[in-house]
Student: 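There's a structure below that I have some questions on.
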Amino acid sequence: MRLRYLVGPTLVRWGVSSVVCTSMMACLIIAKSGVAVESIDKGAAQMTDADVVVSSPVKAHLVDGSTVLFRDGVVVSKSSVRSRGKPGERFDVRLNRAPTVQTVPLDSIVGMENFISRTNAGVSTLLTVLANTGVVIGSALAAVAIFGSCPTVYADSAGTPVLQAEVFANRISPLFEARDIDLLSVRADSAGIVRLQVRNEALETHYINQFELLDVRHSRSERIVPDEHGRPLALDAFVAVASAHDRAGNDLRSTLASSDGVVFSTATSTMTAVTEADTRDYIDFTVKTPRDAENVAVVMHLRNSLLNTVLLYDFMLGAPGARSLDWLAHDMYRIGPVLQLGRWYRSNFGLRILVKRGDKYEEVERHPTYGPVAWRDVATMVPVRGQDELQIRLTFVADEWRIDKLAVATLARRAESRVVGLTRVDAGEDSTSTAALRSMREPDERYLQTSPGQKFTIAFDVGQAPPGVARTFLLASQGYYTEWLRGSWIKASRDSIPFKPGNAMLVGAIRRWYATRDSVETRFYGARIPVRQ
């Protein structure tokens with residue numbers, strides 16, 4: 001396996017904080033330098049009214065595993081993709097150069113993505129510029145490969161890989177890059193080593209900046225769960241909710257009582273009543289509070305539905321088709337459009353926790369979008385303020401979430417954690433592993449780049465825990481990914497303008513999701529890019 005490792009981009013800090021905290025899911029890290037695209041003679045290629053011009057450099061990933069790099073952009077027709085300037089540079093499945101090509105049949109393309117070179121001469125170096133599949137995808141697999149996620153993380157359990165997390169979900173551009181923290185259900189081996197396998201199981205290119213482990217030591221009666229910001233909470237004395245119902249009035253106590261695979265989804269009556277002015281569902285529940293308690297913690301076992309995936313695939317990328325390539329390359333690298341998208345997304349998506357004070361609900365916190373692949377345990381600290389009973393509301397876009405369990409911890413405290421740096425990376429070759437380790441030890445300008453079907457193992461030396469002390473591990477990660485624009489999306493594109501955020505688009509996504517969710521779920525969870533053994 002040949003993983004790519006990158007150095008770049010140079011990061012620009014806004015003030016001391018180094019982030020802009022109004023982004024789509026979290027804070028923004030701003031990339032300094034951009035792509036310099038030479039002007040192209042538009043008359044060099046004969047065009048029709050149906051053709052779409054993509055001015056940004058793109059990579060076309062083909063069914064046979066090869067990749068064509070069009071540095072001058074492309075003209076996309078209903079049957080082909082052709083270069084706007086110099087012929088495309090072709091690389092076979094092993095990254096060997098092949099004869100250049102001017103035109104590629106659209107039927108031979110699995111996916112296309114932006115080629116963004118962010119080198120800054122004298123400051124950073126791009127060690128490898130080309131990402132390829134490394135595996136012949138084949139037309140049969142490409143037809144069902146709709147599985148989309150960020151890097152998936154597994155741990156070995158008696159020879160069976162067990163899914164632990166999907167990391168930096170929805171970081172669809174460098175401007176959305178931020179630190180994420182995921183709870184793990186792993187133990188150190190007899191030598192005090194924690195090992196995890198990181199996979200790229202999607203039609204995406206992943207750019208991984210850092211991995212590190214958080215080691216939390218606590219009493220054996222306590223359970224560690226991260227809050228909405230990834231900070232570990234030590235929880236104890238769990239109680240079931242006294243009552244729980246959704247907006248449609250359905251009693252949810254049995255549904256949310258345990259992690260048994262019987263999960264909450266929005267009622268049909270709520271889904272069909274969605275309008276641009278009202279897209280929300282909610283769950284109301286009550287809990288008795290202990291005498292003299294200062295805080296309780298709402299604890300949930302959940303993951304996102306595929307509503308966000310339908311929004312991304314069908315509306316943000318699929319409907320504009322090839323036009324999405326320039327949108328991703330240009331708008332998603334500009335502060336103005338990114339802030340506009342981020343504010344719209346934040347105002348609509350995520351899970352908000354409100355508590356009733358008097359006759360009004362006050363917002364306590366908001367959980368961001370986590371992703372549809374891995375189940376996740378999360379918690380939120382809620383101040384009691386002397387109330388004997390708390391009335392709490394979870395509010396969210398209709399059918400955005402799948403919730404398997406809801407409980408309340410009546411003893412809750414913030415827990416300290418110890419940071420454990422990345423110790424070793426096993427990527428198949430010593431030189432690759434060493435470079436990968438350097439790339440992912442710190443959140444800097446170096447990235448490890450992976451392609452569909454690739455995997456590697458990371459290890460952390462956590463040592464031995466003192467006798468009688470429990471420990472829980474959380475994985476901290478940072479990075480982003482670029483989505484491959486599927487060939488089928490380009491063929492079926494229906495919009496003549498790039499994606500613009502708005503509630504009309506949101507309602508369209510909800511209705512599309514409601515009409516197709518059974519078939520979408522079956523295809524999504526049954527199809528993923530196999531990793532090479």
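Along the sequence shown, the residues carry numbers beginning at 1. Basis for what follows: all heavy atoms, side chains included, without hydrogens, waters or symmetry-related copies.
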Student: For the residue pair Ser433 and Ala427, what are the closest heavy atoms and their distance?
Tutor: OG-N, 2.8 Å
Student: Would you say the side-chain atoms of Arg303 pair up with the backbone N or O of Val373, donor to acceptor, closer than 3.5 Å?
Tutor: yes
Student: Any luck finding a side-chain donor-acceptor pair between Gln164 and Asp182 under 3.5 Å?
Tutor: no
Student: Do any N or O atoms from the side chain of Asp180 and from the backbone of Val167 form a donor-acceptor pair under 3.5 angstrom?
Tutor: no
Student: Are Leu307 and Trp401 close enough that some pair of their side-chain heavy atoms sits under 4.5 Å apart?
Tutor: no
Student: Could I get the full list of side-chain contact (heavy atoms from CB on, under 4.5 Å) partners for Leu328, not counting sequence neighbours?
Tutor: Asn114, Leu317, Met332
Student: Run the salt-bridge test on Asp51 and Arg82 with the 4.0 Å N-O cut-off and return the result as yes or no.
Tutor: yes
Student: Less than 3.5 Å apart, any donor N or O on the side chain of Glu113 or Thr205 sitting next to an acceptor on the other?
Tutor: yes
Student: Who are the side chain to side chain donor-acceptor pair (under 3.5 Å) partners of Asp331, not counting sequence neighbours?
Tutor: Arg334
Student: Roughly how far apart are Arg187 CZ and Ser185 OG, rounded to 0.5 Å?
Tutor: 10.0 Å
Student: For Ser324 and Leu485, which heavy atoms make the closest approach, and how far apart are they?
Tutor: CB-CD1, 4.1 Å
Student: Do Arg90 and Asp64 meet the salt-bridge criterion of a basic N to acidic O distance under 4.0 Å?
Tutor: yes
Student: Salt bridge between Arg199 and Glu166, side-chain N to carboxylate O under 4.0 Å?
Tutor: no
Student: Excluding sequence neighbours, so at least two apart, what forms side chain to side chain donor-acceptor pair (under 3.5 Å) with Arg418?
Tutor: Asp215
Student: What do the steps show when you test Phe91 against Asn96 for side chain to side chain contact (heavy atoms under 4.5 Å, CB included), and what is the final call?
Tutor: CA-CA 5 Å; Phe91 300 80; Asn96 298 314; over 6 Å; no
Student: Please tell me whether Phe211 and Phe460 form a close aromatic pair, meaning their ring centres lie under 6.0 Å apart.
Tutor: no
Student: Side chains of His330 and Tyr333: any donor to acceptor distance under 3.5 Å?
Tutor: no
Student: Do Pro151 and Glu204 have side-chain heavy atoms sitting under 4.5 Å apart?
Tutor: no
Student: Are any of the side-chain heavy atoms of Phe70 and Val104 separated by less than 4.5 Å?
Tutor: yes
Student: Are any side-chain N or O atoms of Ser80 and backbone N or O atoms of Ser77, one a donor and one an acceptor, separated by less than 3.5 Å?
Tutor: no
Student: Verify, without hydrogens or angle tests, whether Ser83 (side chain) and Lys86 (backbone) share a donor-acceptor contact under 3.5 angstrom.
Tutor: yes
Student: I'd like to know if Arg517 and Asp399 make a salt bridge, using a cut-off of under 4.0 Å between side-chain N and carboxylate O.
Tutor: yes
Student: So Val198 and Ile458, do their side chains get closer than 4.5 Å, heavy atoms only?
Tutor: yes
Student: Would you say that Val54 contacts Ser56 through its side chain, given a criterion of any heavy-atom pair below 4.5 Å between the two side chains?
Tutor: yes
Student: Check the pair Ser519, Thr522 against side-chain hydrogen bond (donor to acceptor under 3.5 Å, both in side chains), reporting the backbone distance first and the verdict last.
Tutor: CA-CA 5 Å; Ser519 61; Thr522 299; over 6 Å; no
Student: Answer yes or no: is there a donor N or O on one side and an acceptor on the other, between the side chain of Arg424 and the main chain of Arg195, under 3.5 Å?
Tutor: no
Student: Does the side-chain hydrogen bond (donor to acceptor under 3.5 Å, both in side chains) test come out yes or no for Glu201 and Tyr154, once each step is laid out?
Tutor: CA-CA 12 Å; Glu201 300 180 285; Tyr154 292 79; 2.9 Å; yes
Student: Mind checking whether Asn304 and Glu400 have side chains closer than 4.5 Å, heavy atoms only?
Tutor: yes
Student: Determine, step by step, whether Asp404 and Arg376 satisfy the salt bridge (Lys or Arg N to Asp or Glu O under 4.0 Å) criterion, reporting the C-alpha distance in whole Å, the side-chain angles of both residues, the deciding distance to 0.1 Å, and the verdict.
Tutor: CA-CA 10 Å; Asp404 194 23; Arg376 187 180 184 114; over 6 Å; no
Student: Mind checking what makes side chain to side chain donor-acceptor pair (under 3.5 Å) contact with Ser305, not counting sequence neighbours?
Tutor: none
Student: Salt bridge check: are Asp314 and Arg512 linked by an N-O gap of less than 4.0 Å?
Tutor: yes
Student: With distance as the sole test, does Ser439 use its side chain to make a donor-acceptor pair with the main-chain N or O of Ala435 at under 3.5 Å?
Tutor: yes
Student: Given side-chain hydrogen bond (donor to acceptor under 3.5 Å, both in side chains), test Tyr481 with Glu177 step by step and report yes or no.
Tutor: CA-CA 9 Å; Tyr481 72 96; Glu177 181 181 327; over 6 Å; no
Student: Are any of the side-chain heavy atoms of Val74 and Met112 separated by less than 4.5 Å?
Tutor: yes
Student: Looking only at heavy atoms, what is the nearest atom pair of Ala436 and Leu448, with distance?
Tutor: CB-CD1, 3.9 Å
Student: Between Arg179 and Tyr480, is NZ or CZ placed under 6.0 angstrom from the six-membered ring centre and within 45° of the ring axis?
Tutor: no
Student: Can you see which heavy atom on Thr472 is nearest to which on Leu184, and at what distance?
Tutor: CG2-O, 4.4 Å
Student: Determine the minimum heavy-atom distance between Val76 and Ala322, stating which atoms define it.
Tutor: CG2-CB, 3.8 Å
Student: Taking side chain to side chain donor-acceptor pair (under 3.5 Å) as the test, write out the residues that go with Thr434, two or more places apart.
Tutor: none
Student: Would Tyr345 and Gln340 count as having a side-chain donor-acceptor pair, cut-off 3.5 Å?
Tutor: no
Student: Mind checking side-chain contact (heavy atoms from CB on, under 4.5 Å) for Ala191 and listing every partner two or more places apart, or none if nothing turns up?
Tutor: Asp189, Ile193
Student: I'd like to know if the side chain of Asn209 reaches the main chain of Asp444, judged simply by a donor and an acceptor atom lying under 3.5 Å from each other, with no hydrogens or angles considered.
Tutor: yes
Student: For the atom pair CG (Leu69) and CD (Glu89), what is the distance rounded to the nearest 0.5 Å?
Tutor: 5.0 Å
Student: Can a donor-acceptor pair be found, under 3.5 Å and without considering hydrogens, that links the side chain of Arg486 to the backbone of Trp484?
Tutor: yes
Student: Answer yes when Arg402 and Glu521 have at least one side-chain N-carboxylate O distance shorter than 4.0 Å, and no when they do not.
Tutor: yes
Student: A side-chain contact here means heavy atoms from C-beta on lying under 4.5 Å apart; do Leu214 and Ile181 qualify?
Tutor: yes
Student: Under the side-chain hydrogen bond (donor to acceptor under 3.5 Å, both in side chains) criterion, do Gln197 and Thr457 qualify, and how do the steps go?
Tutor: CA-CA 4 Å; Gln197 187 182 92; Thr457 299; 4.5 Å; no
Student: Looking only at non-hydrogen atoms, find the nearest pair between Val162 and Ser157 and report the distance.
Tutor: CG2-CB, 3.6 Å
Student: Between atom CE of Met505 and atom CZ of Phe499, what is the distance when rounded to the nearest 0.5 Å?
Tutor: 5.5 Å
Student: At what distance, to the nearest 0.5 angstrom, does OG1 of Thr309 lie from CE of Met316?
Tutor: 11.5 Å
Student: Which distance, rounded to the nearest 0.5 Å, do you find between the CG of Leu437 and the CG of Asp426?
Tutor: 11.5 Å
Student: If we ignore angles and hydrogens, is there a donor and acceptor under 3.5 Å between the side chains of Asp92 and Ser66?
Tutor: no
Student: Which value, rounded to the nearest 0.5 Å, describes the distance between Thr369 atom OG1 and Asn348 atom CG?
Tutor: 10.5 Å
Student: Is there a donor-acceptor contact under 3.5 Å from the side chain of Asp518 to the main chain of Val520?
Tutor: no
Student: Can Arg171 be said to sit on top of Phe176's aromatic six-ring, NZ or CZ under 6.0 Å from centre and within 45° of the ring axis?
Tutor: no
